[in-house]
Amino acid sequence: MKETSLEVKNLCFRYESNDDLTLDQISFSAYKGEWLAIAGHNGSGKSTLAKILNGLILPESGCVKVMDTFLDADTIWEIRKQIGMVFQNPDNQFVGSTVQDDIAFGLENNGIPYEVMAQRIPEALQLVNMSDYVNQEPHSLSGGQKQRVAIAGIIAVQPDIIVLDEATSMLDPIGRTEVLETVRKLKEEKKLTVISITHDLDEVAMADRVIVLNKGKVFASGEPREIFALGSELTRIGLDLPFSVKLSEKIASLGIPLSKIHLTDEDLVNELWTLYSKT
């Protein structure tokens, strides 16, 4: 039986300046060791949901339960110890003069003893392949490296859940791949729950399960392959299919016998290479 890390029930939220609900009866669960992607176009409500999950704003109605704790004004700080947030712009998260100092800052804020900090910092940097940059100034790093350091800072605190709030949207393709592969590795090694808030369906393809939001409501949910099968229904609400999916469909339409529609470029290239080697 799956262990629930986070549960959201009938969540509603409305900004004071807006008569319409930004989130309207949102319900879902996320499980230990699962990567759950929450996708949607700008204005779908996904960023508001991310803020609620970390207690930056509180819902109008409904509830959020993290592990065994319900989110409210009295439990916000406890919840924040269990959920680590990685935001869109890593520069906005850095406060230390070196990579090591920056990770130490988060640990100090959580009252972690020095002896424990000295152990956790190198461990976290090793997990994200940034051990060689321990004394580097964060602002001298590439975009992908900065996000990996931001993730290391979260990992060092040892939360149960990591929320990526459009964390790859400002990165180039290489940086995006670095970060997503790092997240995948951490999820598998540490059995973390990952919640990825994104409009990038290439990032969605990396997830185990997907929830699509539209106008504050759940539009669809399922595994990435099930979601991408919706095709034109996704484009109608402002989302685009990953390039690998569109190319797979085009190749299949030309009579080339692909075994399936591929979610990643790497998988598609591997099958095409296998087919070519047999000819």
How about [atom1] on [X], more than 12 heavy atoms from neighbouring residues, nucleotides or ligands closer than 6.0 Å, or not?
X	atom1	result
Q25	CD	yes
E226	CD	yes
I174	CD1	no
K9	NZ	no

Side chains of [X] and [Y] in contact at under 4.5 Å (non-hydrogen atoms):
X	Y	value
D101	V99	no
L180	T168	yes
F28	I26	yes
M67	S5	yes
T75	F70	no
L21	E60	yes
I83	L6	yes
D165	V86	no

Original post:
Salt bridge check: are R176 and D202 linked by an N-O gap of less than 4.0 Å?
Top reply: no
Can you tell me how far the [atom1] atom of [X] sits from the [atom2] atom of [Y], to the nearest 0.5 Å?
X	Y	atom1	atom2	result
E178	L171	CD	CG	8.5 Å
I76	L56	CD1	CG	8.5 Å
K217	S27	NZ	OG	12.5 Å
T69	E78	OG1	CD	4.0 Å
I195	L164	CD1	CG	9.5 Å

Identify whether [X] and [Y] are in the same connected component of the hydrophobic contact network (ILVMFWY, side-chain heavy atoms under 4.5 Å).
X	Y	result
F87	F94	no
V194	L36	no
V66	V8	yes
V179	I154	yes
V128	I161	no

Under a 3.5 Å distance rule, please check whether [X] uses its side chain to pair with a backbone N or O of [Y] as donor and acceptor.
X	Y	result
D102	V95	yes
T198	A39	no
Q136	L141	no
K65	E7	no
N89	D91	yes
E188	K185	no
S142	Q145	yes
R225	L263	no
D72	D74	yes

[X] to [Y] - nearest heavy-atom pair and separation:
X	Y	answer
L11	P59	CD1-CB, 3.5 Å
S248	L258	O-CD1, 3.5 Å
Q88	S169	NE2-OG, 2.8 Å
G33	K187	O-NZ, 3.0 Å
G238	H41	O-CB, 4.1 Å
A152	I103	CB-CD1, 3.9 Å

Without hydrogens or angle criteria, can the side chains of [X] and [Y] be said to hold a donor-acceptor pair below 3.5 Å?
X	Y	answer
H199	N42	no
Q119	E123	yes
E203	S196	yes
E34	T193	no
Y133	T98	no

Subject >> side-chain contact (heavy atoms from CB on, under 4.5 Å) evaluation trace for I52 with L58 >> reply: CA-CA 6 Å; I52 289 176; L58 293 175; over 6 Å; no
**OP:** Test F219 against L213 for side-chain contact (heavy atoms from CB on, under 4.5 Å), laying out the working first.
**Re:** CA-CA 5 Å; F219 176 80; L213 298 183; over 6 Å; no
Original post:
Step by step, would you call S221 with R209 a side-chain contact (heavy atoms from CB on, under 4.5 Å)?
Top reply: CA-CA 8 Å; S221 64; R209 190 163 54 93; 5.7 Å; no
Original post:
So among T22, T48, D20, which one has a side-chain hydrogen bond (donor to acceptor under 3.5 Å, both in side chains) with Y15?
Top reply: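 Among the candidates, only T48 passes.
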Original post:
Step by step, would you call I251 with L247 a side-chain contact (heavy atoms from CB on, under 4.5 Å)?
Top reply: CA-CA 6 Å; I251 291 172; L247 185 56; 3.8 Å; yes
